[in-house]
Amino acid sequence: MALVSQIDYLVMGAGVAGLRAAVKLAAHGDVLVVTKESLAESNTHYAQGGIAVAMEGSNDVALHLEDTIAAGDGLVNRAAAQALVAEGPERVAELIEWGARFDRDARDGGELLRTREGAHSLPRILHANGDATGAEIGRSLLAFARAHPRIRFAEWTMVTGLVLVDGRVIGADLLDRDGLMRRVCACAVLIAAGGAGQVYSETTNPAVATGDGIALAAEAGADLADMEFYQFHPTALALEGAPRFLLSEALRGEGAYLRNDRGERFMERYHPLLELAPRDVVARAITREGMGDDGAPRPVFLDMRYVRGINLRERFPGISAFLARYQLDLARDLIPVRPAAHYLMGGIRTDLDGRTSVRGLYAAGEAACTGVHGANRLASNSLLEGLVFGSRAAKAMLEDDLPLAIAAAPDAVTAAMSSEDEDLLEIHIGQLRRAMWEHAGLLREESTLREGFAAQAAAETGIEHFIQRGKSSRRLAEARALNRVARAILQSALARTESRGAHFRNDFPRRDDERFRKHSVIGRDGRVVFEEW
Ligand SMILES: Cc1cc2nc3c(=O)[nH]c(=O)nc-3n(C[C@H](O)[C@H](O)[C@H](O)COP(=O)(O)OP(=O)(O)OC[C@H]3O[C@@H](n4cnc5c(N)ncnc54)[C@H](O)[C@@H]3O)c2cc1C
């Protein structure tokens with residue numbers, strides 16, 4: 001029988017949302033934070049550009065709200081956005097108190113520096129170490145959490161299942177790096193396991209972003225919402241042999257132009273805000289400019305060669321150092337770019353306090369969907385989302401005050417995957433990810449989505465084949481999650497026969513408010529319905 005232990009609160013994920021929640025929970029009980037790899041490996045760690053926050057009082061907050069609502073293309077849940085922008089300043093001030101060091105102007109009495117990004121009406125993005133904001137937020141939160149005697153961490157440990165008793169989540173099954181399974185029962189479980197960029201072959205997300213939390217919640221019967229809305233970042237590095245490294249929006253905030261292979265500054269043809277138009281507009285413009293008439297891909301570039309008045313290497317040290325590995329220099333070279341999957345606006349449906357539709361199960365951060373981003377996230381709103389909704393979810397977990405329940409784990413006989421099994425599994429995963437990019441990426445239509453479904457069904461058959469033979473491994477659990485998330489994206493994208501925000505249908509290019517100013521929800525029965533909230 002697998003080992004069973006107990007804790008007051010179980011948190012899945014050590015990104016900004018999980019850590020912020022853990023700090024609040026620890027004031028009232030013992031917390032176990034579980035993370036699939038090292039504590040630093042999360043989307044949070046890779047966030048570059050900054051954190052959007054209105055620190056200048058009520059007018060600033062009102063403008064941040066309007067920008068968030070405008071970016072979300074008619075679908076932002078106003079109450080969620082209000083909570084985000086109104087509580088954001090307090091959460092960020094608290095973070096600074098706990099040791100986060102944002103960049104300050106040495107000449108101006110140490111004032112916090114602010115930059116501007118796409119679709120923000122004014123500069124309100126705080127940043128740290130130039131372009132390493134997420135790493136600094138993660139570092140400071142982790143240092144604060146580590147110093148708390150009631151927070152424990154389990155690194156290199158994967159949550160592989162949620163334990164359900166009488167319709168309530170009472171714990172989770174964990175798999176450690178030595179292949180040992182154990183069950184942890186808790187009064188409440190928080191999913192803060194981040195996004196699912198790995199469902200696409202082209203992504204800025206690290207390998208841990210396989211949508212595990214979303215898949216596990218769905219398996220436990222929780223509603224998913226807005227899964228068709230995946231944000232594709234317009235400018236990931238497009239260099240043969242290099243990873244799809246993110247070239248932050250802050251580059252455009254500091255004046256970078258986009259040029260096609262004829263040297264034209266093409267954004268003039270697409271949006272009055274030019275390079276600072278909403279991300280979906282810029283990403284589709286780059287995709288179109290990058291398609292030659294003959295079907296052959298054409299390069300598109302970021303151009304900062306003419307930018308004066310800032311030292312680009314000092315302002316963007318991380319990006320500059322990465323580009324230098326490929327003999328590229330922001331001040332000297334045109335930088336080739338292409339969109340890549342970046343941020344999931346949808347996820348596990350929650351109320352404004354992180355409650356899912358399943359008792360005992362809570363969600364926050366990128367894994368969750370409060371509707372705060374609507375159909376398209378405003379740049380740099382997600383680190384703030386993690387802080388605000390991580391804290392709110394923790395408050396709800398404390399208020400709900402559910403009693404601890406214990407359920408022993410059944411004896412599960414599993415067989416290890418052989419290296420041949422793992423190789424075959426990797427082929428299924430690769431096919432699924434490529435199909436998602438080709439058929440459910442930036443430009444969608446019914447016929448391509450149906451091709452996506454065919455590829456997803458084929459991958460599912462391959463993956464289930466291992467499961468039916470009693471096999472288990474971390475990668476197999478990830479493959480299941482990717483497959484489940486892929487299915488949800490395809491279903492929702494097929495059902496939304498309009499174009500809105502990050503979801504663009506070639507066959508339905510217009511927004512249809514009458515039918516679709518609603519959120520898509522996939523409930524327990526696996527069907528997509530549209531609801532107003
Ligand atoms: C390259 C890049 C740049 C970005 N830049 C910005 C930016 O400038 N500003 C901004 O606001 N946002 C930015 N974002 C988005 C932002 O970083 C994320 O949306 C946010 O950090 C998500 O935080 P989170 O806490 O929800 O999840 P994450 O930070 O992704 O953390 C997820 C955690 O869950 C764990 N986990 C996952 N599955 C399991 C499992 N099965 N078992 C146990 N643990 C698990 C992971 O190990 C990890 O610890 C960027 C994202 C990327 C990828």
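Residues: numbered from 1 along the sequence shown. Just follow the structure's listing: the first ligand is 1, and inside any ligand the first atom is 1.
Considering NE2 of His519 and SG of Cys369, their distance stands at 7.0 Å, rounded to 0.5 Å. Note that CG of Leu19 and OG of Ser42 are 8.0 Å apart. Values are rounded to the nearest 0.5 Å. A distance of 4.0 Å separates CG of Asn376 from CG of Asp280, quoted to the nearest 0.5 Å.
Within the listing of ligand 1, atoms 28 (P), 29 (O), 31 (O), 48 (C) sit less than 4.0 angstrom from a heavy atom of Ser42. When each atom of ligand 1 is checked for a heavy atom of Asn381 under 4.0 Å away, the hits are 11 (O). Contact atoms of ligand 1 toward Gly365: 26 (O) (distance under 4.0 Å to a heavy atom of the residue). Shown in contact with Ala192 at under 4.0 Å from a heavy atom are these atoms of ligand 1, numbered in order with element: 32 (C), 33 (C), 34 (O). Every atom of ligand 1 is numbered from 1 in the order shown, and the set under 4.0 Å from a heavy atom of Tyr343 is 19 (O). Atom numbering of ligand 1 starts at 1 in the shown order; those under 4.0 Å from a heavy atom of Met12 are 39 (C), 40 (C), 41 (N), 42 (N). Counting the atoms of ligand 1 from 1 in the order shown, those under 4.0 Å from a heavy atom of Leu246 are 1 (C), 2 (C), 3 (C).
Residue Arg168 places its CZ atom among more than 12 non-hydrogen atoms of other residues, nucleotides or ligands, all under 6.0 Å distant. Within 6.0 Å of NZ on Lys395 lie no more than 12 heavy atoms contributed by other residues, nucleotides or ligands.
The nearest protein atom to atom 37 (C) of ligand 1, hydrogens excluded, is given as Ala193 O, 3.4 Å; this is a heavy-atom distance. Atom 9 (N) of ligand 1 has Gly50 O, 2.7 Å as its closest protein atom, hydrogens excluded (heavy atom only). Residue, atom and distance of the protein heavy atom nearest to atom 16 (C) of ligand 1 are Ser382 OG, 3.6 Å. Ranking protein heavy atoms by distance to atom 27 (O) of ligand 1, first place goes to Gly194 CA, 3.3 Å. Of the protein's non-hydrogen atoms, the one nearest atom 44 (N) of ligand 1 is Lys36 N, 3.2 Å. With respect to atom 1 (C) of ligand 1, the closest heavy atom belonging to the protein is Tyr46 O, 3.6 Å. The nearest protein atom to atom 52 (C) of ligand 1, hydrogens excluded, is given as His342 CE1, 3.5 Å; this is a heavy-atom distance. Protein heavy atom nearest atom 53 (C) of ligand 1, with residue, atom name and distance: Asn205 ND2, 3.4 Å.
Ligand 1 is approached by Val34 to a heavy-atom distance shorter than 4.0 Å. Residue contacts with ligand 1 leave out Gly213, since none of its heavy atoms falls under 4.0 Å from the ligand. Judged by the shortest distance from any of its heavy atoms, Ala209 lies outside the 4.0 Å radius around the atoms of ligand 1. Proximity of Arg377 to ligand 1 is established by a heavy-atom distance of less than 4.0 Å. For the ligand labelled ligand 1, residue Leu39 lies outside the 4.0 Å heavy-atom shell. Heavy-atom separations between Gly386 and ligand 1 are all 4.0 Å or longer. Using a non-hydrogen distance threshold of 4.0 Å, Val16 registers as a contact of ligand 1. Judged by the shortest distance from any of its heavy atoms, His233 lies outside the 4.0 Å radius around the atoms of ligand 1.
Classification of the Phe245-Phe322 ring pair by plane angle, with boundaries at 30° and 60°, yields parallel. Relative ring orientation between Phe144 and Trp98 is described as parallel, the plane-to-plane angle staying below 30° on a 0-90° scale split at 30° and 60°.
Between Thr204 and ligand 1, no N or O atom pair is found at a separation short of 3.5 Å. An N or O contact shorter than 3.5 Å links Val159 to ligand 1 by distance. Distances between N or O atoms of Leu384 and those of ligand 1 include no value under 3.5 Å. Note: an N/O pair closer than 3.5 Å links Thr44 and ligand 1 by distance alone. By the 3.5 Å distance cut-off applied to N or O atoms, Ala17 is counted among the residues near ligand 1. Looking at ligand 1, you won't find any N or O of Gly18 less than 3.5 Å from one of its N or O atoms. Residue Gly49 places at least one N or O, backbone or side chain, under 3.5 Å from an N or O of ligand 1.
Using a distance-only test at 3.5 Å, with no hydrogens or angles considered, a donor-acceptor pair links the side chain of Glu136 to the main chain of Arg101. No side-chain donor-acceptor contact under 3.5 Å links Asp226 to the backbone of Gly346. Without hydrogens or angle criteria, Arg315 side chain to Gly130 main chain gives a donor-acceptor distance under 3.5 Å. Remark: side-chain polar atoms of Glu87 are not paired, donor with acceptor, to backbone N or O of Val388 under 3.5 angstrom.
With respect to Arg124 and Glu56, no salt bridge is recorded, no charged nitrogen being found less than 4.0 Å from a carboxylate O.
Taking the six-membered ring for Trp, His373 and Tyr343 have ring centres closer than 6.0 Å.
Here Leu19 has no heavy atoms under 4.0 Å from ligand 1, in either its backbone or its side chain. Under 4.0 Å from ligand 1, the heavy atoms of Gln48 that appear belong solely to its backbone. Under 4.0 Å from ligand 1, the heavy atoms of Thr157 that appear belong solely to its backbone. With a heavy-atom cut-off of 4.0 Å, Ala477 does not touch ligand 1 at all. When heavy-atom distances to ligand 1 are checked against a 4.0 Å cut-off, Glu41 comes that close only through its backbone atoms N, CA, C and O.
Across Gln456, Glu464, Glu478, a single residue satisfies side-chain hydrogen bond (donor to acceptor under 3.5 Å, both in side chains) together with Asn483, and that is Gln456. Among the candidates Arg177, Glu155, Met158, Arg474, the single residue satisfying the side chain to side chain contact (heavy atoms under 4.5 Å, CB included) test with Glu37 is Arg474.
With contacts defined as side-chain heavy-atom distances shorter than 4.5 Å, the pair Asp176/Leu174 does not qualify. Between Thr204 and Phe232, every side-chain heavy-atom pair lies at or beyond the 4.5 Å cut-off.
Here the shortest heavy-atom distance to atom 39 (C) of ligand 1, taken over Asn43, Ile137, Asp212, belongs to Asp212.
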**OP:** Verify side-chain hydrogen bond (donor to acceptor under 3.5 Å, both in side chains) between Glu41 and Thr35, making sure each step is shown before the conclusion.
**Re:** CA-CA 9 Å; Glu41 196 58 13; Thr35 169; over 6 Å; no
**OP:** Take Arg355 and Tyr362, measure what side-chain contact (heavy atoms from CB on, under 4.5 Å) needs, and give me the verdict at the end.
**Re:** CA-CA 5 Å; Arg355 292 185 185 91; Tyr362 303 76; 3.7 Å; yes
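Closest heavy-atom contact between Ala486 and Val199: CB-CG2, 3.7 Å.
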